[in-house]
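None of these values were measured; they are calculated from a predicted model.
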Amino acid sequence: MSDENNNNGIPGQDDSVVLIDFAQVEEVSRVFFEESKEILEELDAQILKLEDAPSDQDQINFLFRKVHTIKGSVGAVPGGQLLGSLAHEFEALLTRIKRENHTVTKECIDLFLKSSRIMKVLAKALRDKSELYPEELSEAIELIASYGSFDSLSDAGTAVIKNHKPRPSSTGMNADEQGVWLSLNQLNEFLRLSGELLVLKNFFQMMNQTVNFRLQPELFERRQADFSQNLNKISDQFQNQVQSVRKEKASESFKSLQLLVRQASTELNKNVQLEILGGELMIDKGLGQDLYETLVHIARNSIDHGIEDQFERALQGKSPIGNLTLEIQERNNTIHLSFKDDGKGLDKERILQRALKNALVSESEVSQLSDEQIYKFIFHAGFSTKDKVTTISGRGVGMDIVFAIVEKYQGKIHIENTPGQGASFHLEIPVPQHIMVESALLCSWNDFRLAVPLTSVAHISSCHELQMTTVNRLRFCQFSGLTVPLLNYHEILSHQVATSEDLVRGSSAVFIKVKEGVFALLVDRIEAQTDLVVKGFGNIVKEQKGFKGVSILADEKVTYIVDPEKMIHFLFQLDSMQEAA
C-alpha cells in the first residue's frame with residue numbers, strides 16, 4: 001500500500017491548511033469603520049424621527065436597514081461580536097414591530113437611544129483597538145439581555161431598563177487634532193485650483209524669460225495685466241474653497257441637541273419640545289462645536305429652572321408641552337443666536353439674594369444694578385439658585401462655560417426676561433476669520449494710511465460739496481436727509497473739532513454705514529480699492545480703538561483697517577457720556 005494516504009487523522013499532516021489574510025482583514029475593518037461612521041452619527045436623529053411618527057413604516061424600514069448594515073458589516077471585524085449581537089437584537093425588535101404591526105412606544109425609543117450610544121462606544125473601541133471600561137461592557141451585555149425580555153409594544157406597557165452612564169473616554173482628540181471631511185467635489189476643486197496655479201507659475205516664468213520689458217514695454221504690460229487678473233481670480237476661488245471646507249450647516253452642529261432635550265426632560269418628568277430655526281446657515285465647524293456646548297448648558301438650565309412641570313403649566317393656563325426655540329442667523333459678519341423658553345422666567349430676587357450671599361455684590365451697590373446685570377450673576381462660576389444638587393444642575397457649573405465661550409470669541413450675551421412667560425438668551429459672536437481677507441477702500445490721513453471695508457462704505461464725497469455746521473464742538477454734514485458727524489480719527493478720539501474749515505474743504509469724506517447709524521470719516525484723499533490680508537495687533541501693540549487690525553502692502557507701509565462698528569460705537573458712546581455730564 002502506498003504511504004500517500006497514511007496521513008489521514010494525523011495532526012499537523014492535513015494539506016488543507018487555512019491561512020489568514022491579515023491584509024484582507026484590515027481592509028474589511030477599514031471599510032466597516034468608514035461605512036458605520038456616518039450611520040452611527042445619524043442614528044440618534046433617525047430614532048427621534050421615529051418618536052415623532054411612531055407608526056411610520058417607511059421610517060421603521062429605513063432604521064432597520066441602517067442597523068442591519070452595521071450587523072452585517074461588523075461580523076468580519078475581529079472583536080466585533082458584541083457590537084454584532086447588540087445590532088442583531090436591535091434589528092430583531094424592529095422586525096417584530098414591523099411583522100406584528102406595532103406602534104413604537106416611548107420605552108422602545110429609550111431602548112434604541114441607549115443602544116445607539118453603546119454601539120458608538122463599541123465601534124470606537126474596535127477602531128482604536130482599546131479595551132472597554134467594565135461599566136461599558138456591563139451595560140452592553142445588560143442591553144442585549146433587556147431586548148430578550150422586552151415586552152412593551154403598547155402604550156400601557158412598561159419596560160424596566162437600567163440607566164448606566166459610560167465612563168468618559170480619555171482617548172478623544174482635542175480641537176487642534178480634529179480633521180475635516182472633504183467631499184470628492186471639494187477635493188477635485190482643490191486639484192483644479194492647484195493646476196491653475198501651476199499654469200500661472202509657468203506663465204510668469206515664461207513672461208520674464210521671453211519678454212523684454214525695455215524693448216517691448218506694451219507687450220510686457222499686457223502680459224503683466226493678464227497675470228495679475230488671473231492671480232486675483234484664482235486667489236479668490238482658493239480662499240472661498242478653503243472657507244467652505246471649514247463650514248457645515250448649523251443643524252449638523254446642533255443635531256445632538258434634540259436628544260439632549262429629550263433626555264433632560266424625561267429625567268425631570270417634563271414634556272418639552274425644541275424648535276430650531278435657521279439650521280441651513282453655514283457656520284465654521286469649530287464655532288459650531290463651541291456654540292453647541294453653550295446650548296447644552298443653556299438648554300439644561302431652561303428645562304430645569306425655567307420650564308414648569310405639566311401640573312404647574314396647567315394651573316397657569318399654559319400648554320402642557322414646554323417650548324424651547326433656537327434661532328440662528330448671520331448679519332454683518334456676526335452670528336446672532338437666540339435661545340428662548342416659555343417657562344416661568346428668571347427669578348430676579350432669588351438671583352440677587354444668592355449673589356449677596358456669595359459676596360458678588362454689596363448691599364450698597366444693589367440700587368445701581370439694572371435687571372440684566374442682576375440676571376448675569378448666573379454666569380459666575382459656582383453660582384446656582386438651587387438648594388439641592390441634581391444630575392442636571394445645582395453645582396453652579398455650566399452657565400460660566402457659556403460666558404467663557406462667548407468671551408473666547410469676543411462676543412456679547414444679552415438676557416431678556418418676562419416673569420411668568422419665559423427667558424431669552426441672545427448671543428452675538430463675530431464670525432471667526434482664520435485668514436481674514438478684506439476688500440477695502442484705501443485712504444490717507446496725515447502720515448497714516450487707513451482702509452475702510454467696502455461692505456460699510458455708503459458714499460464717497462469731496463468735502464467742498466458738503467453743507468457743514470459745528471454743534472457742541474462737533475462737525476456735522478448732511479447725508480440722505482440725515483445729519484451725521486464728519487470727523488477725522490483724531491477728532492473722534494478727542495471728541496472735538498481740531499481742523500480748520502479750509503483744510504476740511506480740501507479733504508474727502510467716506511460715509512460709513514452700520515446698523516447703529518451713519519458717520520463720515522474725514523480723510524486727506526482716496527487712494528485705491530484693494531483686497532487686504534488683515535492681521536491682529538498682537539500682544540505688543542495691543543488693540544487700537546476703532547480698528548480691527550493692520551495690513552502691509554507692496555510698498556511696505558502699514559495700513560490700519562477700520563472697524564466701522566467699533567468706531568461708531570466709540571463715537572456715540574462719548575457723545576452719550578458728554579450729554580449725561
Side-chain angles (χ1 to χ4, degrees), residues 34-53 59 62-63 66 113 116-117 120 172-173 175-190 237-263 273-299 302 323-340 402 405-406 408-409 411 413 424-437:
E34 289 182 358
E35 188 176 35
S36 64
K37 183 179 185 298
E38 183 178 353
I39 294 176
L40 291 172
E41 284 179 348
E42 297 295 330
L43 202 55
D44 290 338
Q46 298 302 330
I47 294 169
L48 290 176
K49 283 183 180 179
L50 193 57
E51 182 176 43
D52 293 336
Q59 184 60 26
F62 183 82
L63 186 60
K66 295 298 182 184
L113 288 173
S116 172
R117 175 167 52 79
K120 292 184 181 75
M173 297 183 294
D176 292 334
E177 294 173 335
Q178 292 179 358
V180 294
W181 288 92
L182 282 177
S183 69
L184 187 59
N185 287 338
Q186 289 172 323
L187 185 59
N188 288 337
E189 183 64 14
F190 275 119
Q237 292 176 351
F238 193 86
Q239 175 71 13
N240 292 334
Q241 188 65 18
V242 169
Q243 290 179 343
S244 71
V245 167
R246 291 191 56 90
K247 290 186 176 183
E248 66 180 3
K249 290 182 179 179
S251 57
E252 281 295 306
S253 298
F254 306 152
K255 63 185 176 183
S256 299
L257 199 59
Q258 291 280 9
L259 177 60
L260 178 137
V261 169
R262 185 188 187 280
Q263 290 175 334
Q273 65 181 13
L274 170 67
E275 181 182 15
I276 299 179
L277 305 175
E280 295 299 311
L281 178 68
M282 301 297 291
I283 60 175
D284 181 87
K285 293 178 182 179
L287 174 61
Q289 292 173 357
D290 284 340
L291 287 179
Y292 172 73
E293 187 173 356
T294 67
L295 290 169
V296 165
H297 299 295
I298 294 175
S302 291
N323 293 295
L324 303 177
T325 304
L326 166 63
E327 183 175 6
I328 182 169
Q329 53 185 306
E330 181 180 338
R331 299 193 306 270
N332 296 327
N333 217 30
T334 300
I335 299 294
H336 294 263
L337 186 146
S338 174
F339 189 96
K340 57 185 177 182
V402 174
I405 290 176
V406 172
K408 169 185 172 181
Y409 289 94
I413 184 166
S424 300
F425 294 83
H426 302 281
L427 279 60
E428 295 181 15
I429 307 292
V431 174
Q433 300 286 347
H434 303 279
I435 302 177
M436 186 186 295
V437 177

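No side-chain donor-acceptor contact under 3.5 Å links Glu327 to the backbone of Gly278. The closest donor-acceptor contact from the side chain of Gln59 to the backbone of Gln46 lies under 3.5 Å.
Between Gly411 and Pro430, the shortest heavy-atom distance links the atoms CA-CD, 3.9 Å. Considering all non-hydrogen atoms of both residues, Thr334 and Val431 come closest at N-CG2, 4.0 Å. Taking all atoms of both residues into account, the shortest heavy-atom contact from Asp290 to Lys408 is OD2-NZ, 2.7 Å. Here the closest non-hydrogen pair linking Phe254 and Tyr292 is CE2-N, 3.9 Å. A pairwise comparison of heavy atoms in Leu40 and Lys120 identifies O-CE, 3.0 Å as the closest pair.
Within 6.0 Å of atom CD in Gln329, more than 12 heavy atoms from other residues, nucleotides or ligands are found, so the atom counts as buried in its surroundings. In the displayed structure, Tyr409 atom OH is contacted under 6.0 Å by more than 12 heavy atoms of other residues, nucleotides or ligands. Counted within 6.0 Å of NZ on Lys249, heavy atoms from surrounding residues, nucleotides or ligands total 12 or fewer; the atom is thus considered open.
Using a 4.5 Å heavy-atom threshold, the side chains of Gln289 and Glu293 count as separate. Ile276 is not listed as a side-chain neighbour of Ile328, based on a closest heavy-atom distance of 4.5 Å or more. Thr294 places none of its side-chain heavy atoms less than 4.5 Å from the side chain of Phe425. The shortest distance between side-chain heavy atoms of Leu43 and Leu63 falls below 4.5 Å.
If you run side-chain contact (heavy atoms from CB on, under 4.5 Å) between Leu326 and each of Leu277, Leu291, Leu337, only Leu337 comes through.
Side-chain contact, Lys255 with Ser251: no donor N or O sits under 3.5 Å from an acceptor N or O.
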**Request:** Start with the C-alpha distance between Ile335 and Leu281, add both sets of side-chain angles, then the distance that settles side chain to side chain contact (heavy atoms under 4.5 Å, CB included), and finish with yes or no.
**Result:** CA-CA 10 Å; Ile335 299 294; Leu281 178 68; 4.0 Å; yes
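Looking at Glu42 and Lys66, no side-chain N of the basic residue comes within less than 4.0 Å of a carboxylate O on the acidic one, giving no salt bridge.
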